[in-house]
There are 2 protein chains.
Amino acid sequence: MNAISHSEENYLKTVFHLGADGKQAVATNAIARSMKTKPSSVTDMMQRLGEKGLVNYRKYRGVSLTEAGKRAALSIIRKHRLWEVFLVEKLNFSWDEVHDVAEQLEHIKSEKLVDLLDQHLGFPQYDPHGDPIPGKDGNYPSREKQLLSQLPVNTKGICIGVKDSSASFLKYLDKNRISLGDKIHILEREDFDNSLLVTVADTEMRVSHQIAANLYLKIL
Amino acid sequence: MNAISHSEENYLKTVFHLGADGKQAVATNAIARSMKTKPSSVTDMMQRLGEKGLVNYRKYRGVSLTEAGKRAALSIIRKHRLWEVFLVEKLNFSWDEVHDVAEQLEHIKSEKLVDLLDQHLGFPQYDPHGDPIPGKDGNYPSREKQLLSQLPVNTKGICIGVKDSSASFLKYLDKNRISLGDKIHILEREDFDNSLLVTVADTEMRVSHQIAANLYLKIL
DNA sequence: AAATAAATTTAGACAAATCTAAAAATATGT
DNA sequence: ACATATTTTTAGATTTGTCTAAATTTATTT
Ligand SMILES: [Mn+2]
Ligand SMILES: [Mn+2]
Ligand SMILES: [Mn+2]
Ligand SMILES: [Mn+2]
């Protein structure tokens with residue numbers, strides 16, 4: 001009776017992400033910008049999701065997810081990230097190529113498929129971009145992490161994730177031999193342009209503010 | 001420019017199967033029956049597919065696939081069967097559970113995904129039901145095979161496929177320990193009900209005409 | 001506090017995919 | 001060959017998801 005459509009799923013996921021993991025309300029325009037649709041389409045959809053009890057919609061005031069909406073969003077994100085792990089670990093996709101395919105695979109409906117995929121992958125905790133994989137029961141582990149750009153000189157940490165996961169950024173990291181799991185040591189900050197001198201897995205290099213502002217570290 | 005929709009793909013596949021693998025024309029009613037839609041919906045869709053150059057549509061005369069339509073159908077069937085192999089071989093689905101999931105997975109659009117999946121599976125030739133997997137280039141190998149019900153007493157063969165691949169038939173075969181690859185020897189035919197006395201992998205058993213009419217053998 | 005700007009919603013249109021009911025064409029039986 | 005049955009198509013409606021243009025509400029600036 002109340003099946004959630006492909007399109008509705010995409011909207012729910014966007015509301016979740018834009019609203020700080022389902023905690024804040026989100027503006028119509030923000031959703032439209034993020035999904036490359038028009039604000040009027042968003043309004044339409046939010047009214048429908050409101051009627052289905054998946055979002056709290058108040059005219060002109062933005063939307064937030066209901067508990068049911070949050071559960072639905074987490075289930076889609078779980079599938080998205082499990083498929084990303086599959087693509088990278090089993091099929092040898094590179095981490096910059098998986099997003100569009102996972103964007104499709106996340107909509108496949110079969111609980112058994114998700115469970116067996118999870119098992120096949122050894123119950124992974126994080127996706128290839130360092131993002132946590134929501135549990136079957138809907139629990140969403142959050143990890144201690146800080147942007148490289150916000151840490152003081154002399155900090156040591158492990159690179160555990162990316163904020164921007166666009167193909168161009170990920171390819172840049174590949175080219176410069178920066179990978180998740182690498183140990184990073186901040187040697188020096190350049191006041192002029194906020195660039196950093198760091199060692200990444202013991203190799204010294206300079207990273208721009210742009211880069212540093214998109215890399216998450218776990219402090220050691 | 002002319003992307004083929006989810007729904008159009010399902011129709012193309014049905015026309016392919018009902019028309020003896022794209023060789024014959026197919027009636028509107030046959031398509032509607034097979035897809036559980038109404039004949040009027042089929043007419044609509046066939047007119048659209050006709051305009052797209054994927055079928056030859058002549059009012060009241062049924063439809064056949066064009067070369068482009070055949071290519072599209074084979075590509076979907078290739079994906080469907082590769083995913084079925086994946087589900088059974090890698091995720092341990094049983095062969096009676098894979099169809100509905102593959103029905104969704106076959107619509108995922110990514111050439112790279114299909115190529116890498118094919119490689120990951122070791123370039124399988126047949127799906128879990130014994131059906132051949134079309135090649136990347138669109139070639140469709142056909143296999144010498146005959147229905148068990150149509151073979152004379154004393155024939156020996158290998159069970160290589162099923163005609164009916166409904167869950168109920170497949171579960172029946174599991175229960176009776178009949179699997180693809182088993183050696184079958186026809187010992188006796190009962191004239192009264194056309195049932196057969198056979199050995200399956202050296203175990204003697206009686207199979208009804210219903211069963212025999214849905215099992216394909218390769219004669220030894 | 002008006003005036004102006006920005007964000008949001010509404011109204012109306014459209015394409016895709018489906019349906020029901022009615023009309024038209026084709027096939028079948030006597 | 002004619003009447004009847006069957007198949008197929010057309011006409012018109014509905015739902016989903018989108019759009020543009022206009023109206024409305026909220027926010028910002030002077
Ligand atoms: Mn998606
Ligand atoms: Mn990811
Ligand atoms: Mn399908
Ligand atoms: Mn199959």
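Not measured: the values here are computed from a predicted model. Basis for what follows: all heavy atoms, side chains included, without hydrogens, waters or symmetry-related copies. Residue numbers begin at 1 in each chain, while the letters A, B, ... track the order of the sequences.
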### side chain to side chain donor-acceptor pair (under 3.5 Å) partner of B:S195, the single match among B:E190, B:Q210, B:H209, B:R206
B:R206
Measure the distance from [atom1] on [X] to [atom2] on [N] and round it to the nearest whole Å.
X: A:E51; N: D:dT16; atom1: CD; atom2: P; value: 10 Å
X: B:L49; N: C:dA17; atom1: CG; atom2: C1'; value: 12 Å
X: B:M35; N: C:dC19; atom1: CE; atom2: P; value: 10 Å
X: A:M46; N: D:dT16; atom1: CE; atom2: C1'; value: 14 Å
X: B:I4; N: C:dA16; atom1: CD1; atom2: P; value: 14 Å
X: A:K36; N: D:dG17; atom1: NZ; atom2: C1'; value: 19 Å
X: A:N29; N: D:dA27; atom1: CG; atom2: C1'; value: 13 Å
X: B:I31; N: C:dA17; atom1: CD1; atom2: P; value: 15 Å

#### Entry: Modelled atom types, side-chain donor and acceptor of A:Q104 and B:H107, under 3.5 Å
no
### B:D127 and B:W83 side chains, donor-acceptor separation under 3.5 Å
no
Atom pairs, protein N/O to nucleotides 9-11 of chain D N/O, distance under 3.5 Å:
from: D:dT9; atom 1: OP1; to: B:Y57; atom 2: OH; distance (Å): 2.5
from: D:dT9; atom 1: OP1; to: B:Y60; atom 2: N; distance (Å): 2.9
from: D:dT9; atom 1: OP2; to: B:T28; atom 2: OG1; distance (Å): 3.0
from: D:dT9; atom 1: OP2; to: B:T43; atom 2: OG1; distance (Å): 2.7
from: D:dT9; atom 1: O5'; to: B:Y57; atom 2: OH; distance (Å): 3.3
from: D:dT10; atom 1: OP1; to: B:K59; atom 2: NZ; distance (Å): 2.8
from: D:dT10; atom 1: OP2; to: B:Q47; atom 2: NE2; distance (Å): 2.6

Check: [Y] main-chain N/O paired with [X] side-chain donor or acceptor under 3.5 Å:
X: B:T66; Y: B:L54; value: yes
X: B:N176; Y: B:I178; value: no
X: B:T14; Y: B:N10; value: yes

### Query
Run the ring pair (Phe, Tyr, Trp, His ring centres under 6.0 Å) check on B:F16 and B:Y11 step by step: do they pass?
CA-CA 9 Å; B:F16 183 89; B:Y11 277 98; over 10 Å; no
### Message
Among residues 6-16 of chain A, which ones have heavy-atom contacts with DNA chain C below 4.0 Å?
### Response
none
### B:E103, CD: over 12 other non-hydrogen atoms inside 6.0 angstrom
yes
### Task
Verify the contact: side-chain N or O of B:T37 to OP1 or OP2 of C:dA17, cut-off strictly under 4.0 Å; return yes or no.
no
### Task
Indicate whether OP1 or OP2 belonging to D:dT16 is found under 4.0 Å from a side-chain N or O atom of A:R48.
no
### Task
For A:K145, enumerate each residue passing the side chain to side chain donor-acceptor pair (under 3.5 Å) test, keeping only those at least two apart in sequence or located in another chain.
none
